[in-house]
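Worksheet for the structure shown next.
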Amino acid sequence: MKSHPQSNPPVKRGEQLFPRRLGSFLSTAAGADMATTGSVHLGAVDLHCELNNTEHHTEEIGTERLIVRRGQAFRLSVEFRRPAFVDDKDQLKLSLDTGPSSSEAGRIRIEAVKSTAKRGKWTYNVEPARGILHLTVHSPANACIGLYKMQLLFYPSGGEGLQQIVAGTFHLLFNPWCKEDSVYLADKDLLEEYVLNENGILYRSICLPLLWNFGQFEKDVIDICFEILDNSLSALNEPSSDALKRCDPCYISRILTAMVNSNDDKGVLSGRWDGEYDDGTPPTKWNGSLPILRKWSSTGAERVRYGQCWVFAAVACTVLRCLGIPTRCVTNYSSAHDCDGNLKVDHYYKSDDCTRTLPSRKDSVWNYHCWVESWMTRPDLPSGFDGWQVLDPTPQERSDGIFCCGPCPVKAIKEGHLDINYDAVFIFAEVNADVVYWFVNKDGTKRELSVKQNQVGTQIVTKSAFSDKRENITLNYKYPEGSKEERDIYRHAGKTIQPTNTQYQNLKVKIKQVYAVLGSDFSVYFEIANNGFIHRDIQMVLSATAITYSGAILKEICTRSTKFVLKAASEKKEVLRLRYEDYGEYLSEHNLIRLTAMLLTEDMSEVSLKEKEVVLKVPQLAVKVDGEPILHKKLAVQIKFVNPLPISLTRGVFSVEGSGLTDLLQIESPIATISPGEEVVVTVTITPTKTGLRKLIVDFDSNRLRNAKGFANIIVRGA
């Protein structure tokens, strides 16, 4: 994938080979859609959009145009204006055009074969009826996805002259219901979740599940998905080659990991992690993918500001599900970002005051990191690597010169096959890297304190396909910590880091805290133990630091350093009181505080270090539905927010959205200055457009409080 000239304009909807939108019934009586040298024999065409789309699991997108999946037959009917179709004399031929442009050089022409065989090539069959020709068209299971234009050419037996008409256009998608398709997934329950579910749950900090509106079947999303592909570097630089590769989900998914971020191309999202979002939207404010995708498309492929890992993952999930690739969002807790591929992350502390110092490299451990897994075969790899593939659209490191990551088989990560495409070394480190702690002296020399081999990839989760609960999939990525298999995999991966100090440590420390709510004061408890047989002179350093979820240090909130004698076989407790007035103004939007306890003996023969990250809870919004939800009938929804902080809030805005319920709505708080403990109530009116179980997702943001969420399950019945 090469760089494209900056002068290349973005490809917009409507600029592709054929118009994106098409009704079910086409009139072909005259004009450019018909060429004839004699009588008119073929008339109007019925694409049977409702029937075909329902059979192909695309009816949720709509039934006004034809959207089908590869490897599966679809039907159309053509008005026939001759007394009868003589099967062995009259000839009807079907051709299809696809590709990036209407020029002869760019167009890909496919001549379908008249046959009842269904595999390996485009085929069609004709069934004459009185005044109508019924056609059954079958695409191969490895056909390229995209927009197709159908043309019919009729040669009458009487020699009156040929007639050619445009029979219509359709989108072709991957087909996870087709056994021959490389994205085939046999379990129907999994298909319901990983392809058809328009809502989901993302997991950020361990206690904060986030409802997300994927909305992959909203009418305009399919157009935007292909618009994203059409604006990729490959499509802009080598359009014909790109079009021919769109049969391969591995190729498509790798393109999308580059296009969801905007670092190298006309991608969708710009990432930002420094907390400065005044020229865009804070990442925590998004509730779904639709506003992001629509804004990107409506502004001519201008990057949308801003996203962070869960937003990148969720947008990628929307696009991949829309295109027909089974996909789920995954969260890795304590996720390593290893910049140099040495499978370790280094943390440095100053030897004089025991405070954390920034490393020269950008290695870090994120509180969590989100990516997606997509289901597909991998014929480009040795056998055994089909199934779930890691795809990470968050721009972290370059791969093949651009910011993209994957697809990489989850099985390759578990078994330590780091030579497998793509980006196995980086992903393996995210879930397996060692964390090495160092003391840095004033003269720049350093001393290794300890190596933690079980601090990264502590838990890997996704939403269950069978409920709204989380599913622990850690064992898909790694063998149990400390097991023989795990050690064998480390050796296989070339991981040679070992702790330098393996003797038993007598000094132990535990960190506990009460349930911590944003806006409140709370206590942290440190339990210190000397399990040895001699008294020890101890220096203890306790600290609390505001951090981002990516591990960046924002502000040291408080620190305490004391010296004391800890008797043999004894314990001691210390309490650190954290007040809102001390931490409130320094928190990131993720409300994270890192607690650190370090114990050092006087002779430095033993050092015990413990870290724990605390997420301060934000109270949920209360959402109440007033009335019975009925399709296309107005419905009132009440949203209630109570200010939990001991300070006043300004610039309050409520955001509301839900697939099949409403597009994004934003409502300013009717109270300009919200005092501590004050309640704000707003009522919005929505009009459901789809039946069944739907989720309405709400958000509240203000000058000093972000990320207050709420939701309501709404069951919409037909009118």
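Note: hydrogens, waters and symmetry copies are ignored here, and every other heavy atom, side chains too, is used. It should be emphasised that the depicted structure is a prediction, and the values quoted were computed from it without experimental measurement. Sequential numbering from 1 along the given sequence is applied to the chain's residues.
- Asp187 places a side-chain N or O within donor-acceptor distance of the main-chain N or O of Leu190, the cut-off being under 3.5 Å.
- Considering OH of Tyr251 and CG of Asp380, their distance stands at 14.0 Å, rounded to 0.5 Å.
- Between atom CD1 of residue Ile228 and atom CH2 of residue Trp296 there is a gap of 5.0 Å, rounded to the nearest 0.5 Å.
- Contact of the Asp248 side chain with the Arg254 side chain is not registered, since no non-hydrogen atoms from C-beta on lie closer than 4.5 Å.
- Side-chain N or O atoms of Thr445 include none that pairs as donor or acceptor with a backbone N or O of Asn441 at under 3.5 Å.
- One finds a salt bridge joining Lys709 and Asp699 here, because a Lys/Arg side-chain nitrogen approaches an Asp/Glu carboxylate oxygen to under 4.0 Å.
- For Asp468, the side chain to side chain donor-acceptor pair (under 3.5 Å) test picks out Lys695, with sequence neighbours left out.
- When atom types are taken as modelled, the side chain of Gln459 and the backbone of Asn472 share no donor-acceptor pair closer than 3.5 angstrom.
- If you check the side chains of Glu613 and Asn367, you find a donor sitting under 3.5 Å from an acceptor.
- Ile528 is listed as a side-chain neighbour of Glu574, based on a closest heavy-atom distance under 4.5 Å.
- Applying the side-chain contact (heavy atoms from CB on, under 4.5 Å) test to Val698 and every residue at least two apart in sequence or in another chain returns Leu621, Val623, Ile639, Val656.
- Gln389 places a side-chain N or O within 3.5 Å of a backbone atom of Gly387 that can act as its donor or acceptor partner.
- Rounded to the nearest 0.5 angstrom, Asp434 CG and Leu343 CG are separated by 8.5 Å.
- The six-membered or imidazole ring of Trp273 lies away from that of His337, with a centre-to-centre distance of 6.0 Å or more.
- Here CD of Glu527 is found 11.5 Å from NZ of Lys610. Values are rounded to the nearest 0.5 Å.
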Side chain to side chain contact (heavy atoms under 4.5 Å, CB included) assessment of Arg305 paired with Arg272: CA-CA 8 Å; Arg305 301 176 174 91; Arg272 191 156 192 169; over 6 Å; no
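- Judged by distance alone, the side chain of Thr462 and the main-chain N or O of Cys329 form a donor-acceptor pair under 3.5 Å.
- The existence of a salt bridge linking Arg356 and Glu611 is confirmed by a sub-4.0 Å separation between a basic side-chain nitrogen and an acidic carboxylate oxygen.
- Salt-bridge annotation for Lys463 and Glu193: present, with a side-chain N of the basic residue lying under 4.0 Å from a carboxylate O of the acidic one.
- The distance between the ring centers of Tyr549 and His369 does not fall below 6.0 angstrom.
- Between Ser289 and Trp212, the side chains place a donor N or O and an acceptor N or O closer than 3.5 Å (distance only, hydrogens not considered).
- Proximity of a side-chain donor or acceptor of Thr601 to a complementary backbone N or O of Ile538 within less than 3.5 Å is not detected.
- The OH atom of Tyr184 lies 10.5 Å from the CH2 atom of Trp375; values are rounded to the nearest 0.5 Å.
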